[in-house]
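Structure first, commentary second.
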Amino acid sequence: MQLRFSHPWVVDSRQGAAIQRELAEAVRLERACGPVSHIAGIDCGFRNGGTRVCAAVTRFTWPGLEFVESHRVYRPVEMPYRPGLLSFRELPAVLDALAGLSEPADLILCDGQGIAHPRRLGIAAHLGVLLDRPALGVAKSRLVGEHAPVGERRGAAAPLYAGEERIGTVLRTRDRVRPVYVSPGHRLDCATAAEWALACCTRYRLPEPIRKADHLAAKASDPVMQEQS
DNA sequence: GCGACAG
DNA sequence: ATCTTGTCGC
């Protein structure tokens, strides 16, 4: 898989922040993301006391949202979780999982923030920039930003701001369920990202591609660990 | 110094 | 994220 940038993955807070500020300059927010015929969803699950990670990726058709394929990889965890540095912990495995798809997707949905991040490089923006492909983030909770209350019905939304800067959308994807935090990763703007996220939410709070990846990563049984017992 | 803090 | 069973509600 061809990456637009190369950098170390095991970093301290200072190094990580420097890399994020650098890559954030490559993020491009565009009005639309071109034709979409396949959408991918990614998520990670942790096992064995947080020493092993499973990255799962799914691919769905668009329109129709029909499941096409999924792929999982298992890797050792090299970085502890640190708010703001999540992508360094999960992306190495995610990149390997994506490489396992038989066909690339035109849009990638990530579990986590896009530019709604202290340095504007959450996991969806980090991934989008490395691949130079359209990507967006859907997070179940807030990392940064302020917003007004969101209406109770599906589709209700409130812009997410960091000062004067619009960094995403707080979006209700189902009636009376907690809203999600949607932000552009790369090659999409805030409005377009929210539209795609909502369009992918059919029966549940999370977009189907992410929900399915979530399920696969959570119920994953690591073959390496099985071997040791 | 104190509180916040994706997964 | 993960550790964990049943349980309240639509």
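Below, read A as the first sequence line, B as the second, and so on, with proteins coming before strands; counting in each chain starts at 1. Values reported hereafter were calculated over all heavy atoms of this structure, with side chains retained and with hydrogens, waters and symmetry mates removed.
- Within the 4.0 Å cut-off from OP1 or OP2 of B:dG7, at least one side-chain nitrogen or oxygen of A:Ser141 is found.
- A donor atom on one side chain and an acceptor atom on the other are found under 3.5 Å apart for A:Asp189 and A:Thr192.
- Note on A:Gly45: only backbone sugar-phosphate atoms sit closer than 4.0 angstrom, heavy atoms only; bases stay farther off.
- With rounding to whole Å, A:Ile115 atom CD1 is found 18 Å from B:dA6 atom P.
- Using a 4.0 Å heavy-atom criterion, one finds that A:Leu121 contacts no nucleic acid atom at all.
- Put simply, NZ on A:Lys219 is 19 Å from P on C:dT4, counting in whole angstrom units.
- When only modelled atom types and interatomic distance are considered, A:Glu69 and A:Ser102 share a side-chain donor-acceptor pair under 3.5 Å.
- If you take CZ of A:Arg154 and C1' of C:dC10, they are 18 Å apart, rounded to a whole angstrom.
- Regarding contacts with the backbone of B:dA6, every side-chain N or O of A:Lys140 stays at 4.0 angstrom or more from both OP1 and OP2.
- Mapping A:Asp214 and A:Arg176 onto DNA chain C by nearest heavy atom places A:Asp214 at the nucleotide closer to the 5' end.
- Distances shorter than 4.0 Å separate none of the side-chain N or O atoms of A:Arg47 from OP1 or OP2 on C:dA1.
- At whole-Å resolution of the value, CZ in A:Arg52 and C1' in C:dA1 are 16 Å apart.
- A salt bridge links A:Arg120 with A:Glu165: at least one charged nitrogen is closer than 4.0 Å to a carboxylate oxygen.
- Between A:His126 and A:Trp9, the ring planes lie parallel to each other; the angle is under 30°, not in the 30° to 60° tilted range.
- Rounded to whole angstrom, the span from the CG atom of A:Asp43 across to the P atom of C:dT2 amounts to 8 Å.
- The interatomic distance linking A:Leu91 (CG) with B:dG7 (P) rounds to 14 Å, in whole Å.
- For A:Arg142, a side-chain nitrogen or oxygen approaches OP1 or OP2 of B:dC5 to under 4.0 Å.
- Remark: A:Asp132 engages A:Arg187 in a salt bridge, criterion side-chain N to carboxylate O under 4.0 Å.
- In this structure, A:Tyr81 packs face-to-face on the six-membered ring of B:dG7, meeting both the 5.5 Å centre cutoff and the 30° plane limit.
- Atom-to-atom, CD1 of A:Ile42 to P of C:dA1 comes out at 14 Å; the value is rounded to the nearest Å.
- When rounded to the nearest whole Å, the span between CD1 of A:Ile167 and P of B:dA6 equals 13 Å.
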